[in-house]
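Below is one structure, written out as C-alpha coordinates, with a few remarks after it.
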Amino acid sequence: MQTATALTSRAEPSRTAQVPRRVGWTPWRTELTEVMFRPTVVTHAAGLALIWLLIKDDFSRLAMSVPLVGLLVLGTVELLRPHLGARGRAWFLVAGPTVLSLVGYLLVGFHSGPTLLACAAILVAQVFFGPRVLVGVALILLAGITVASWGMVSERLPWAFPVRDVSVRESVPWVRTTLVTILLMAVLGALVVTIVNRLEATVRHNAHLYEDAQQAVSVRDEFLSIASHELRTPVAVLKLAAEGLVSGRVQRTPEHLERSVRLIDRNVDRLTALVGQLLDVSRIELGRLDLRLEEVDLSAVVRDVVDLFAERRDEVGPLSLDLDPGVVGRWDRSRLEQVVTNLLSNAVKFGAGKPILVRVRHADGRALLTVQDHGVGIAPDLVPHVFERFVLGSRHGGTGLGLGLFIVESIVRSLGGASHLASKVGEGTIVTVELPIAGPGTGSRAQP
Amino acid sequence: MTHNGRAQVLVVDDEPDMLEVLELLLDGCGYRVVTARNGAEALAAMRRSRPAFVLLDLMMPVMDGWQFRAEQLRDPTLADVPVAIFTGSGATVRRTGLEGTVAFLQKPAPMEDVMRLVEAYAGPAVCNK
(Lines give C-alpha, C1' and ligand atoms only; values in the text may rest on other atoms or scores of the structure.)
Protein backbone atom coordinates (compact mmCIF):
# COMPACT_ATOMS: atom_id res chain seq x y z
CA MET A 1 0.00 0.00 0.00
CA GLN A 2 2.67 2.41 1.04
CA THR A 3 4.88 1.44 -1.86
CA ALA A 4 2.16 2.17 -4.35
CA THR A 5 1.59 5.54 -2.74
CA ALA A 6 5.22 6.45 -2.91
CA LEU A 7 5.51 5.37 -6.52
CA THR A 8 2.56 7.08 -7.95
CA SER A 9 1.66 10.10 -5.94
CA ARG A 10 3.72 13.05 -4.92
CA ALA A 11 5.11 12.03 -1.57
CA GLU A 12 5.51 15.61 -0.49
CA PRO A 13 3.29 18.00 -2.34
CA SER A 14 4.22 21.16 -0.52
CA ARG A 15 6.54 23.60 -2.25
CA THR A 16 8.97 23.71 0.60
CA ALA A 17 9.97 20.19 -0.37
CA GLN A 18 11.74 21.63 -3.38
CA VAL A 19 14.15 23.64 -1.25
CA PRO A 20 17.67 22.24 -1.58
CA ARG A 21 18.83 20.00 1.25
CA ARG A 22 20.85 21.68 3.97
CA VAL A 23 24.49 21.04 4.65
CA GLY A 24 24.75 18.00 6.88
CA TRP A 25 26.88 17.78 10.00
CA THR A 26 29.52 15.05 9.88
CA PRO A 27 31.15 13.80 13.07
CA TRP A 28 34.29 15.65 14.08
CA ARG A 29 36.52 12.62 13.85
CA THR A 30 35.50 11.75 10.26
CA GLU A 31 35.96 15.28 9.19
CA LEU A 32 39.41 15.50 10.81
CA THR A 33 40.76 12.38 9.11
CA GLU A 34 39.34 13.44 5.81
CA VAL A 35 40.83 16.88 6.10
CA MET A 36 44.27 15.69 7.23
CA PHE A 37 45.04 14.34 3.80
CA ARG A 38 43.87 17.33 1.87
CA PRO A 39 46.91 18.71 0.01
CA THR A 40 45.78 22.32 0.18
CA VAL A 41 45.51 22.07 3.91
CA VAL A 42 48.87 20.58 4.49
CA THR A 43 50.80 22.81 2.17
CA HIS A 44 49.31 25.97 3.53
CA ALA A 45 49.70 24.91 7.13
CA ALA A 46 53.31 24.05 6.38
CA GLY A 47 53.82 27.36 4.67
CA LEU A 48 52.44 29.19 7.69
CA ALA A 49 54.60 27.19 10.06
CA LEU A 50 57.67 27.97 8.01
CA ILE A 51 56.88 31.66 7.99
CA TRP A 52 56.61 31.55 11.76
CA LEU A 53 59.96 29.79 12.05
CA LEU A 54 61.60 32.20 9.64
CA ILE A 55 60.42 35.19 11.60
CA LYS A 56 62.00 33.76 14.75
CA ASP A 57 65.40 33.15 13.30
CA ASP A 58 67.04 34.28 10.17
CA PHE A 59 69.74 31.56 10.30
CA SER A 60 68.62 29.85 7.15
CA ARG A 61 66.21 32.32 5.65
CA LEU A 62 67.49 31.50 2.21
CA ALA A 63 67.31 27.76 2.70
CA MET A 64 63.81 27.90 4.12
CA SER A 65 62.48 30.30 1.56
CA VAL A 66 63.02 27.67 -1.12
CA PRO A 67 60.76 24.91 0.19
CA LEU A 68 58.43 27.61 1.51
CA VAL A 69 57.89 28.93 -1.98
CA GLY A 70 57.57 25.36 -3.24
CA LEU A 71 54.90 24.58 -0.68
CA LEU A 72 52.97 27.71 -1.44
CA VAL A 73 53.13 26.90 -5.16
CA LEU A 74 51.69 23.49 -4.39
CA GLY A 75 48.91 24.97 -2.30
CA THR A 76 48.07 27.42 -5.04
CA VAL A 77 47.97 24.61 -7.56
CA GLU A 78 45.57 22.78 -5.30
CA LEU A 79 43.35 25.83 -5.13
CA LEU A 80 43.54 26.25 -8.90
CA ARG A 81 42.98 22.53 -9.46
CA PRO A 82 39.46 22.86 -10.86
CA HIS A 83 40.69 25.34 -13.45
CA LEU A 84 43.83 23.52 -14.60
CA GLY A 85 43.97 20.64 -17.02
CA ALA A 86 45.42 17.31 -15.82
CA ARG A 87 48.68 17.88 -17.64
CA GLY A 88 49.03 21.46 -16.42
CA ARG A 89 48.47 20.28 -12.85
CA ALA A 90 51.10 17.58 -13.12
CA TRP A 91 53.69 19.97 -14.50
CA PHE A 92 52.97 22.59 -11.91
CA LEU A 93 53.11 20.08 -9.08
CA VAL A 94 56.31 18.51 -10.20
CA ALA A 95 58.22 21.35 -11.77
CA GLY A 96 57.54 24.06 -9.19
CA PRO A 97 58.93 22.51 -6.02
CA THR A 98 61.46 20.32 -7.79
CA VAL A 99 63.19 23.19 -9.50
CA LEU A 100 63.03 25.34 -6.39
CA SER A 101 64.34 22.57 -4.15
CA LEU A 102 67.10 21.80 -6.59
CA VAL A 103 68.15 25.43 -6.49
CA GLY A 104 67.93 25.32 -2.71
CA TYR A 105 70.02 22.16 -2.59
CA LEU A 106 72.69 23.68 -4.71
CA LEU A 107 72.65 26.87 -2.66
CA VAL A 108 72.57 25.61 0.94
CA GLY A 109 73.56 21.98 0.84
CA PHE A 110 71.84 19.12 2.65
CA HIS A 111 68.91 21.05 4.21
CA SER A 112 67.00 20.76 1.03
CA GLY A 113 68.02 17.21 0.33
CA PRO A 114 64.98 15.63 2.04
CA THR A 115 62.80 18.23 0.35
CA LEU A 116 64.08 17.10 -2.99
CA LEU A 117 63.34 13.49 -2.11
CA ALA A 118 59.82 14.44 -1.07
CA CYS A 119 59.38 16.20 -4.38
CA ALA A 120 60.42 13.06 -6.15
CA ALA A 121 57.80 11.20 -4.08
CA ILE A 122 55.20 13.69 -5.26
CA LEU A 123 56.34 13.16 -8.83
CA VAL A 124 55.91 9.42 -8.48
CA ALA A 125 52.55 9.77 -6.75
CA GLN A 126 51.29 12.20 -9.34
CA VAL A 127 52.50 10.33 -12.40
CA PHE A 128 51.81 6.75 -11.34
CA PHE A 129 48.93 7.02 -8.89
CA GLY A 130 47.35 10.39 -9.35
CA PRO A 131 44.79 10.27 -6.57
CA ARG A 132 44.52 13.14 -4.21
CA VAL A 133 45.33 11.15 -1.12
CA LEU A 134 48.76 10.18 -2.35
CA VAL A 135 49.56 13.73 -3.22
CA GLY A 136 48.39 14.72 0.24
CA VAL A 137 50.63 12.16 1.90
CA ALA A 138 53.56 13.27 -0.19
CA LEU A 139 52.96 16.86 0.72
CA ILE A 140 52.81 16.06 4.42
CA LEU A 141 56.14 14.25 4.00
CA LEU A 142 57.58 17.21 2.17
CA ALA A 143 56.47 19.70 4.80
CA GLY A 144 57.45 17.53 7.74
CA ILE A 145 60.88 16.67 6.41
CA THR A 146 61.60 20.27 5.59
CA VAL A 147 60.67 21.54 9.00
CA ALA A 148 62.31 18.65 10.81
CA SER A 149 65.58 18.96 8.94
CA TRP A 150 65.68 22.62 9.72
CA GLY A 151 64.75 21.99 13.33
CA MET A 152 67.52 19.47 13.80
CA VAL A 153 70.03 22.01 12.71
CA SER A 154 68.70 25.06 14.44
CA GLU A 155 67.39 23.43 17.67
CA ARG A 156 64.26 25.46 17.21
CA LEU A 157 61.92 22.52 17.49
CA PRO A 158 61.45 21.48 21.12
CA TRP A 159 61.34 17.78 20.18
CA ALA A 160 64.26 17.92 17.75
CA PHE A 161 67.53 16.29 18.61
CA PRO A 162 70.03 19.14 18.67
CA VAL A 163 72.77 18.81 16.12
CA ARG A 164 75.47 21.32 16.22
CA ASP A 165 77.83 19.55 13.93
CA VAL A 166 76.23 19.01 10.60
CA SER A 167 78.79 16.38 9.69
CA VAL A 168 77.53 13.90 12.34
CA ARG A 169 73.88 13.99 11.21
CA GLU A 170 73.91 10.22 10.54
CA SER A 171 73.91 9.60 14.26
CA VAL A 172 70.88 11.71 15.18
CA PRO A 173 67.34 10.21 15.48
CA TRP A 174 66.07 12.18 12.48
CA VAL A 175 63.41 9.61 11.72
CA ARG A 176 61.73 10.18 15.06
CA THR A 177 62.03 13.94 14.81
CA THR A 178 60.69 13.94 11.28
CA LEU A 179 57.76 11.66 12.10
CA VAL A 180 56.72 13.73 15.10
CA THR A 181 56.94 16.87 12.99
CA ILE A 182 54.88 15.34 10.19
CA LEU A 183 52.23 14.23 12.64
CA LEU A 184 52.05 17.60 14.36
CA MET A 185 51.82 19.45 11.05
CA ALA A 186 49.08 17.19 9.78
CA VAL A 187 47.06 17.61 12.97
CA LEU A 188 47.62 21.37 13.02
CA GLY A 189 46.59 21.70 9.36
CA ALA A 190 43.57 19.48 9.86
CA LEU A 191 42.48 21.47 12.90
CA VAL A 192 42.75 24.77 11.09
CA VAL A 193 40.82 23.53 8.10
CA THR A 194 38.20 21.80 10.21
CA ILE A 195 37.51 25.03 12.01
CA VAL A 196 37.32 26.91 8.72
CA ASN A 197 35.01 24.24 7.29
CA ARG A 198 32.79 24.42 10.36
CA LEU A 199 32.49 28.16 10.02
CA GLU A 200 31.75 27.83 6.33
CA ALA A 201 29.15 25.15 6.98
CA THR A 202 27.51 27.31 9.63
CA VAL A 203 27.35 30.23 7.25
CA ARG A 204 25.91 28.05 4.51
CA HIS A 205 23.46 26.47 6.95
CA ASN A 206 22.23 29.89 8.01
CA ALA A 207 21.92 30.94 4.38
CA HIS A 208 19.73 27.90 3.71
CA LEU A 209 17.60 28.62 6.76
CA TYR A 210 17.13 32.14 5.48
CA GLU A 211 16.22 30.84 2.01
CA ASP A 212 13.74 28.39 3.53
CA ALA A 213 12.13 31.18 5.50
CA GLN A 214 11.99 33.44 2.44
CA GLN A 215 10.44 30.68 0.38
CA ALA A 216 7.85 29.95 3.06
CA VAL A 217 6.97 33.63 3.19
CA SER A 218 6.62 33.89 -0.58
CA VAL A 219 4.48 30.72 -0.73
CA ARG A 220 2.28 32.25 1.94
CA ASP A 221 2.08 35.55 0.06
CA GLU A 222 1.20 33.78 -3.17
CA PHE A 223 -1.43 31.77 -1.35
CA LEU A 224 -2.97 34.88 0.20
CA SER A 225 -3.06 36.75 -3.08
CA ILE A 226 -4.68 33.83 -4.93
CA ALA A 227 -7.11 33.14 -2.10
CA SER A 228 -8.17 36.77 -1.83
CA HIS A 229 -8.60 37.03 -5.60
CA GLU A 230 -10.77 33.93 -5.64
CA LEU A 231 -12.83 35.01 -2.65
CA ARG A 232 -13.38 38.53 -3.99
CA THR A 233 -15.09 37.38 -7.18
CA PRO A 234 -18.16 35.66 -5.63
CA VAL A 235 -18.34 38.38 -2.97
CA ALA A 236 -18.42 41.01 -5.73
CA VAL A 237 -21.22 39.14 -7.52
CA LEU A 238 -23.16 38.84 -4.25
CA LYS A 239 -22.69 42.51 -3.46
CA LEU A 240 -23.81 43.74 -6.89
CA ALA A 241 -26.76 41.33 -7.05
CA ALA A 242 -27.97 42.23 -3.56
CA GLU A 243 -27.50 45.98 -4.06
CA GLY A 244 -29.23 45.76 -7.42
CA LEU A 245 -32.24 44.18 -5.75
CA VAL A 246 -32.27 46.58 -2.80
CA SER A 247 -31.86 49.71 -4.91
CA GLY A 248 -34.41 48.51 -7.42
CA ARG A 249 -32.05 48.91 -10.36
CA VAL A 250 -32.70 45.32 -11.34
CA GLN A 251 -36.08 45.10 -13.04
CA ARG A 252 -38.71 43.68 -10.74
CA THR A 253 -40.05 41.19 -13.21
CA PRO A 254 -40.31 37.58 -11.98
CA GLU A 255 -37.63 36.56 -14.50
CA HIS A 256 -35.11 39.20 -13.37
CA LEU A 257 -35.81 38.57 -9.70
CA GLU A 258 -35.28 34.86 -10.18
CA ARG A 259 -32.03 35.39 -12.03
CA SER A 260 -30.76 37.63 -9.22
CA VAL A 261 -31.70 35.17 -6.51
CA ARG A 262 -30.13 32.29 -8.42
CA LEU A 263 -26.93 34.31 -8.77
CA ILE A 264 -26.89 34.97 -5.04
CA ASP A 265 -27.57 31.33 -4.25
CA ARG A 266 -24.88 30.07 -6.61
CA ASN A 267 -22.25 32.46 -5.31
CA VAL A 268 -23.01 31.69 -1.68
CA ASP A 269 -22.38 28.05 -2.61
CA ARG A 270 -19.15 29.03 -4.30
CA LEU A 271 -17.96 30.96 -1.29
CA THR A 272 -18.86 28.07 0.98
CA ALA A 273 -16.94 25.68 -1.23
CA LEU A 274 -13.90 27.99 -1.31
CA VAL A 275 -13.89 28.37 2.45
CA GLY A 276 -14.24 24.59 2.75
CA GLN A 277 -11.25 24.10 0.46
CA LEU A 278 -9.15 26.53 2.44
CA LEU A 279 -10.04 24.79 5.69
CA ASP A 280 -9.24 21.40 4.14
CA VAL A 281 -5.85 22.59 2.99
CA SER A 282 -4.94 23.88 6.41
CA ARG A 283 -6.15 20.58 7.92
CA ILE A 284 -4.08 18.62 5.41
CA GLU A 285 -1.01 20.71 6.17
CA LEU A 286 -1.47 20.17 9.88
CA GLY A 287 -1.96 16.45 9.22
CA ARG A 288 -5.44 16.58 10.70
CA LEU A 289 -7.61 15.32 7.89
CA ASP A 290 -10.13 13.44 10.01
CA LEU A 291 -11.62 10.33 8.50
CA ARG A 292 -14.92 8.76 9.50
CA LEU A 293 -14.51 5.24 8.18
CA GLU A 294 -17.60 3.21 7.33
CA GLU A 295 -18.85 0.85 4.65
CA VAL A 296 -19.28 3.00 1.54
CA ASP A 297 -20.49 2.04 -1.93
CA LEU A 298 -18.27 3.95 -4.35
CA SER A 299 -20.66 3.60 -7.29
CA ALA A 300 -23.49 5.00 -5.16
CA VAL A 301 -21.31 7.97 -4.17
CA VAL A 302 -20.54 8.64 -7.84
CA ARG A 303 -24.24 8.49 -8.72
CA ASP A 304 -25.17 10.92 -5.92
CA VAL A 305 -22.53 13.44 -6.99
CA VAL A 306 -23.50 13.18 -10.65
CA ASP A 307 -27.14 13.81 -9.69
CA LEU A 308 -26.11 16.94 -7.81
CA PHE A 309 -24.15 18.15 -10.82
CA ALA A 310 -27.06 17.57 -13.14
CA GLU A 311 -29.28 19.52 -10.75
CA ARG A 312 -27.04 22.51 -10.30
CA ARG A 313 -25.28 22.91 -13.58
CA ASP A 314 -26.63 23.20 -17.05
CA GLU A 315 -23.33 23.27 -18.91
CA VAL A 316 -22.31 19.67 -18.14
CA GLY A 317 -21.42 17.90 -21.38
CA PRO A 318 -22.67 14.40 -22.16
CA LEU A 319 -21.82 12.29 -19.14
CA SER A 320 -21.62 8.50 -19.31
CA LEU A 321 -21.34 6.28 -16.27
CA ASP A 322 -19.85 2.81 -16.26
CA LEU A 323 -20.16 1.65 -12.68
CA ASP A 324 -19.49 -1.84 -11.35
CA PRO A 325 -22.10 -2.63 -8.71
CA GLY A 326 -21.11 -3.53 -5.17
CA VAL A 327 -17.74 -1.78 -4.99
CA VAL A 328 -17.96 -1.38 -1.25
CA GLY A 329 -14.99 -0.48 0.93
CA ARG A 330 -14.07 1.00 4.29
CA TRP A 331 -13.82 4.68 3.40
CA ASP A 332 -15.06 8.10 4.47
CA ARG A 333 -18.25 8.92 2.58
CA SER A 334 -18.05 12.72 2.62
CA ARG A 335 -14.35 12.69 1.70
CA LEU A 336 -15.09 10.36 -1.22
CA GLU A 337 -17.88 12.70 -2.32
CA GLN A 338 -15.32 15.47 -2.27
CA VAL A 339 -12.92 13.43 -4.41
CA VAL A 340 -15.61 12.67 -6.99
CA THR A 341 -16.89 16.27 -6.94
CA ASN A 342 -13.44 17.75 -7.48
CA LEU A 343 -12.58 15.33 -10.30
CA LEU A 344 -15.92 15.86 -11.98
CA SER A 345 -15.83 19.64 -11.73
CA ASN A 346 -12.34 19.63 -13.26
CA ALA A 347 -13.63 17.42 -16.08
CA VAL A 348 -16.52 19.83 -16.61
CA LYS A 349 -14.35 22.93 -16.31
CA PHE A 350 -11.66 21.75 -18.73
CA GLY A 351 -13.83 19.34 -20.72
CA ALA A 352 -14.87 21.84 -23.41
CA GLY A 353 -18.40 20.42 -23.36
CA LYS A 354 -17.22 17.10 -24.79
CA PRO A 355 -18.21 13.67 -23.42
CA ILE A 356 -17.08 12.79 -19.91
CA LEU A 357 -16.73 9.21 -18.74
CA VAL A 358 -16.83 8.11 -15.11
CA ARG A 359 -15.93 4.51 -14.43
CA VAL A 360 -15.83 2.46 -11.21
CA ARG A 361 -14.15 -0.95 -11.23
CA HIS A 362 -13.37 -3.57 -8.65
CA ALA A 363 -10.04 -5.31 -9.12
CA ASP A 364 -7.83 -7.30 -6.83
CA GLY A 365 -8.86 -5.86 -3.48
CA ARG A 366 -8.84 -2.37 -4.90
CA ALA A 367 -11.44 -0.01 -6.23
CA LEU A 368 -10.56 1.98 -9.33
CA LEU A 369 -12.30 5.27 -10.03
CA THR A 370 -11.60 6.85 -13.42
CA VAL A 371 -12.77 10.24 -14.63
CA GLN A 372 -11.97 10.98 -18.25
CA ASP A 373 -12.66 14.08 -20.28
CA HIS A 374 -11.90 14.96 -23.90
CA GLY A 375 -11.19 18.61 -23.29
CA VAL A 376 -8.26 20.99 -23.48
CA GLY A 377 -5.77 18.76 -21.66
CA ILE A 378 -2.84 19.87 -19.51
CA ALA A 379 0.52 21.16 -20.75
CA PRO A 380 3.20 18.43 -20.40
CA ASP A 381 5.38 20.58 -18.13
CA LEU A 382 2.51 20.99 -15.66
CA VAL A 383 1.52 17.31 -15.56
CA PRO A 384 4.17 16.25 -13.01
CA HIS A 385 2.95 19.03 -10.68
CA VAL A 386 -0.83 18.72 -10.95
CA PHE A 387 -1.17 17.32 -7.45
CA GLU A 388 0.61 20.30 -5.92
CA ARG A 389 -1.18 23.37 -4.67
CA PHE A 390 -2.20 26.22 -7.01
CA VAL A 391 -0.92 24.45 -10.14
CA LEU A 392 -4.14 24.37 -12.13
CA GLY A 393 -5.48 27.53 -10.52
CA SER A 394 -5.70 31.07 -11.77
CA ARG A 395 -1.90 31.37 -11.60
CA HIS A 396 -1.60 29.19 -14.66
CA GLY A 397 -4.53 30.39 -16.69
CA GLY A 398 -7.07 28.14 -14.99
CA THR A 399 -9.68 29.24 -12.53
CA GLY A 400 -10.17 28.78 -8.82
CA LEU A 401 -7.65 28.18 -6.11
CA GLY A 402 -5.93 25.30 -7.86
CA LEU A 403 -6.48 23.16 -4.77
CA GLY A 404 -8.89 20.54 -6.19
CA LEU A 405 -6.39 17.89 -7.19
CA PHE A 406 -4.19 18.63 -4.20
CA ILE A 407 -7.14 17.84 -1.94
CA VAL A 408 -8.07 14.76 -4.00
CA GLU A 409 -4.56 13.40 -3.75
CA SER A 410 -4.33 14.11 -0.01
CA ILE A 411 -7.65 12.39 0.73
CA VAL A 412 -6.81 9.40 -1.45
CA ARG A 413 -3.42 9.08 0.18
CA SER A 414 -4.92 9.22 3.65
CA LEU A 415 -7.30 6.43 2.59
CA GLY A 416 -4.25 4.36 1.67
CA GLY A 417 -4.67 4.76 -2.08
CA ALA A 418 -2.94 6.49 -4.95
CA SER A 419 -3.83 8.97 -7.68
CA HIS A 420 -2.60 9.06 -11.26
CA LEU A 421 -3.12 11.58 -14.00
CA ALA A 422 -2.42 11.37 -17.71
CA SER A 423 -3.16 14.15 -20.15
CA LYS A 424 -2.58 15.25 -23.72
CA VAL A 425 -3.12 18.79 -24.88
CA GLY A 426 -6.18 18.92 -27.13
CA GLU A 427 -7.16 15.31 -26.35
CA GLY A 428 -8.20 15.45 -22.74
CA THR A 429 -7.27 14.23 -19.30
CA ILE A 430 -7.79 10.99 -17.45
CA VAL A 431 -7.51 10.78 -13.67
CA THR A 432 -7.45 7.41 -11.96
CA VAL A 433 -7.85 6.91 -8.24
CA GLU A 434 -6.99 3.59 -6.64
CA LEU A 435 -8.40 2.79 -3.23
CA PRO A 436 -7.83 -0.33 -1.15
CA ILE A 437 -11.19 -1.94 -0.34
CA ALA A 438 -9.98 -2.65 3.20
CA GLY A 439 -9.50 1.07 3.88
CA PRO A 440 -6.39 2.77 5.16
CA GLY A 441 -3.66 0.38 6.34
CA THR A 442 -4.57 -1.84 9.28
CA GLY A 443 -3.47 0.03 12.35
CA SER A 444 -1.22 2.29 10.32
CA ARG A 445 -1.50 6.02 10.36
CA ALA A 446 -4.54 7.42 8.66
CA GLN A 447 -3.05 10.86 8.27
CA PRO A 448 -1.32 12.06 5.11
CA MET B 1 -21.97 54.15 -30.16
CA THR B 2 -25.62 54.00 -29.49
CA HIS B 3 -27.95 51.36 -30.67
CA ASN B 4 -31.62 52.24 -30.74
CA GLY B 5 -30.72 55.17 -28.53
CA ARG B 6 -29.11 52.98 -25.87
CA ALA B 7 -25.43 53.46 -25.06
CA GLN B 8 -23.41 50.27 -25.38
CA VAL B 9 -21.32 48.99 -22.47
CA LEU B 10 -18.86 46.14 -22.97
CA VAL B 11 -18.21 43.97 -19.90
CA VAL B 12 -15.14 41.70 -20.05
CA ASP B 13 -14.78 39.02 -17.36
CA ASP B 14 -14.02 35.30 -17.37
CA GLU B 15 -16.54 34.77 -14.60
CA PRO B 16 -20.01 34.10 -16.11
CA ASP B 17 -21.79 35.14 -12.92
CA MET B 18 -20.03 38.49 -12.93
CA LEU B 19 -21.13 39.05 -16.52
CA GLU B 20 -24.68 38.10 -15.66
CA VAL B 21 -25.00 40.35 -12.61
CA LEU B 22 -23.61 43.36 -14.48
CA GLU B 23 -25.91 42.61 -17.38
CA LEU B 24 -28.87 42.50 -14.99
CA LEU B 25 -27.91 45.82 -13.45
CA LEU B 26 -26.97 47.76 -16.55
CA ASP B 27 -29.70 46.39 -18.74
CA GLY B 28 -32.25 47.53 -16.18
CA CYS B 29 -30.78 51.04 -16.38
CA GLY B 30 -31.12 51.54 -20.07
CA TYR B 31 -27.74 50.43 -21.36
CA ARG B 32 -27.12 47.86 -24.03
CA VAL B 33 -24.74 45.34 -22.47
CA VAL B 34 -22.33 43.24 -24.52
CA THR B 35 -20.30 40.60 -22.69
CA ALA B 36 -16.96 38.96 -23.47
CA ARG B 37 -15.17 36.20 -21.57
CA ASN B 38 -11.63 37.27 -22.46
CA GLY B 39 -9.67 39.98 -24.23
CA ALA B 40 -9.87 38.32 -27.64
CA GLU B 41 -13.67 38.09 -27.51
CA ALA B 42 -13.76 41.68 -26.32
CA LEU B 43 -11.72 42.94 -29.28
CA ALA B 44 -13.92 41.05 -31.70
CA ALA B 45 -17.03 42.53 -30.07
CA MET B 46 -15.57 46.03 -30.19
CA ARG B 47 -14.79 45.66 -33.89
CA ARG B 48 -18.34 44.53 -34.57
CA SER B 49 -19.84 47.41 -32.65
CA ARG B 50 -17.92 50.15 -30.91
CA PRO B 51 -18.94 50.48 -27.24
CA ALA B 52 -19.17 53.72 -25.26
CA PHE B 53 -17.41 52.22 -22.28
CA VAL B 54 -15.52 49.03 -21.33
CA LEU B 55 -15.41 47.40 -17.89
CA LEU B 56 -12.34 45.14 -17.93
CA ASP B 57 -11.23 42.26 -15.67
CA LEU B 58 -7.46 41.56 -15.64
CA MET B 59 -6.80 37.89 -14.99
CA MET B 60 -8.48 35.98 -17.80
CA PRO B 61 -7.53 32.99 -19.91
CA VAL B 62 -6.72 33.25 -23.64
CA MET B 63 -6.06 37.02 -23.56
CA ASP B 64 -5.72 38.86 -20.26
CA GLY B 65 -6.48 42.50 -19.49
CA TRP B 66 -2.95 43.75 -20.18
CA GLN B 67 -2.78 42.05 -23.57
CA PHE B 68 -6.24 43.42 -24.37
CA ARG B 69 -5.10 46.97 -23.58
CA ALA B 70 -2.03 46.62 -25.79
CA GLU B 71 -4.15 45.35 -28.68
CA GLN B 72 -6.80 48.01 -28.17
CA LEU B 73 -4.24 50.83 -28.24
CA ARG B 74 -2.72 49.39 -31.41
CA ASP B 75 -6.03 49.75 -33.20
CA PRO B 76 -6.59 53.49 -33.95
CA THR B 77 -10.36 53.01 -34.30
CA LEU B 78 -10.63 51.56 -30.79
CA ALA B 79 -7.80 53.24 -28.92
CA ASP B 80 -9.92 56.07 -27.52
CA VAL B 81 -12.74 53.93 -26.05
CA PRO B 82 -12.64 54.57 -22.28
CA VAL B 83 -11.71 51.48 -20.26
CA ALA B 84 -12.08 50.97 -16.49
CA ILE B 85 -10.39 48.10 -14.68
CA PHE B 86 -12.61 45.97 -12.44
CA THR B 87 -10.49 43.26 -10.85
CA GLY B 88 -10.31 40.91 -7.91
CA SER B 89 -6.55 41.32 -7.74
CA GLY B 90 -5.14 43.35 -4.89
CA ALA B 91 -3.26 46.61 -4.87
CA THR B 92 -0.03 44.77 -5.75
CA VAL B 93 -1.22 43.98 -9.26
CA ARG B 94 1.05 45.10 -12.10
CA ARG B 95 0.00 48.59 -13.25
CA THR B 96 2.37 48.96 -16.19
CA GLY B 97 0.42 48.46 -19.38
CA LEU B 98 -2.71 49.85 -17.74
CA GLU B 99 -1.83 53.52 -18.25
CA GLY B 100 -4.62 55.55 -19.79
CA THR B 101 -7.42 53.53 -18.22
CA VAL B 102 -10.03 55.78 -16.65
CA ALA B 103 -10.42 53.99 -13.30
CA PHE B 104 -9.20 51.08 -11.22
CA LEU B 105 -11.97 49.41 -9.23
CA GLN B 106 -11.28 46.51 -6.93
CA LYS B 107 -13.84 43.77 -6.43
CA PRO B 108 -16.08 43.83 -4.48
CA ALA B 109 -16.81 47.47 -5.28
CA PRO B 110 -20.11 49.07 -4.23
CA MET B 111 -22.68 49.14 -7.00
CA GLU B 112 -22.78 52.95 -6.83
CA ASP B 113 -19.09 53.19 -7.79
CA VAL B 114 -19.67 51.00 -10.83
CA MET B 115 -22.81 52.93 -11.82
CA ARG B 116 -21.13 56.30 -11.41
CA LEU B 117 -18.37 55.26 -13.82
CA VAL B 118 -20.79 53.88 -16.37
CA GLU B 119 -22.89 57.05 -16.18
CA ALA B 120 -19.82 59.23 -16.62
CA TYR B 121 -18.83 57.51 -19.86
CA ALA B 122 -22.00 56.02 -21.30
CA GLY B 123 -24.52 58.66 -20.35
CA PRO B 124 -27.05 58.87 -17.51
CA ALA B 125 -28.81 55.75 -16.31
CA VAL B 126 -32.51 55.42 -16.83
CA CYS B 127 -33.34 52.87 -14.18
CA ASN B 128 -36.83 51.57 -13.71
CA LYS B 129 -37.11 52.14 -10.00
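In what follows, chains carry the letters A, B, and so on, assigned in the order in which the sequence lines appear, proteins first and then strands, with residues in each chain numbered from 1. A quick note: this is a predicted structure, and the numbers were derived from the prediction, not measured. Both backbone and side-chain heavy atoms feed into the values below; hydrogens, waters and symmetry mates do not.
- With a threshold of 4.5 angstrom between heavy atoms, R270(A) approaches chain B through side-chain atoms but not through N, CA, C or O.
- In this structure, E15(B) does not pair ionically with R232(A), as no charged nitrogen and carboxylate oxygen lie closer than 4.0 Å.
- Judged as a salt bridge (charged side-chain N to carboxylate O under 4.0 Å, His left out), not a single pair has a partner in residues 373-386 of chain A (not counting sequence neighbours).
- Listed by first and then second residue, the salt bridge (charged side-chain N to carboxylate O under 4.0 Å, His left out) pairs involving residues 60-72 of chain B are E71(B)-R74(B) (not counting sequence neighbours).
- Here the straight-line distance linking atom OG1 of T233(A) with atom NZ of K107(B) works out to 4.5 Å at 0.5 Å rounding.
- E243(A) pairs by the salt bridge (charged side-chain N to carboxylate O under 4.0 Å, His left out) definition with K239(A), not counting sequence neighbours.
- Crowding of R47(B) atom CZ: a count of heavy atoms from other residues, nucleotides or ligands under 6.0 Å exceeding 12.
- There is no contact between L26(B) and chain A, counting heavy-atom distances below 4.5 Å.
- Using a 4.5 Å cut-off between non-hydrogen atoms, the part of residues 108-120 of chain B that approaches chain A consists of P108(B), A109(B), P110(B), M111(B), E112(B), V114(B), M115(B).
- The residue among L263(A), L238(A), V235(A), T253(A) with the most heavy atom pairs within less than 4.5 Å of chain B is L263(A).
- The most heavy-atom pairs under 4.5 Å with chain A, out of D27(B), D17(B), D13(B), come from D17(B).
- Among all heavy-atom pairs drawn from G88(B) and H229(A), the shortest one is C-CD2, 3.3 Å.
- Within the 4.5 Å cutoff, no side-chain heavy atoms of E20(B) are placed close to those of V237(A).
- L24(B) pairs in a side chain to side chain contact (heavy atoms under 4.5 Å, CB included) with only one of the listed residues (R249(A), R259(A), Q251(A)), which is R259(A).
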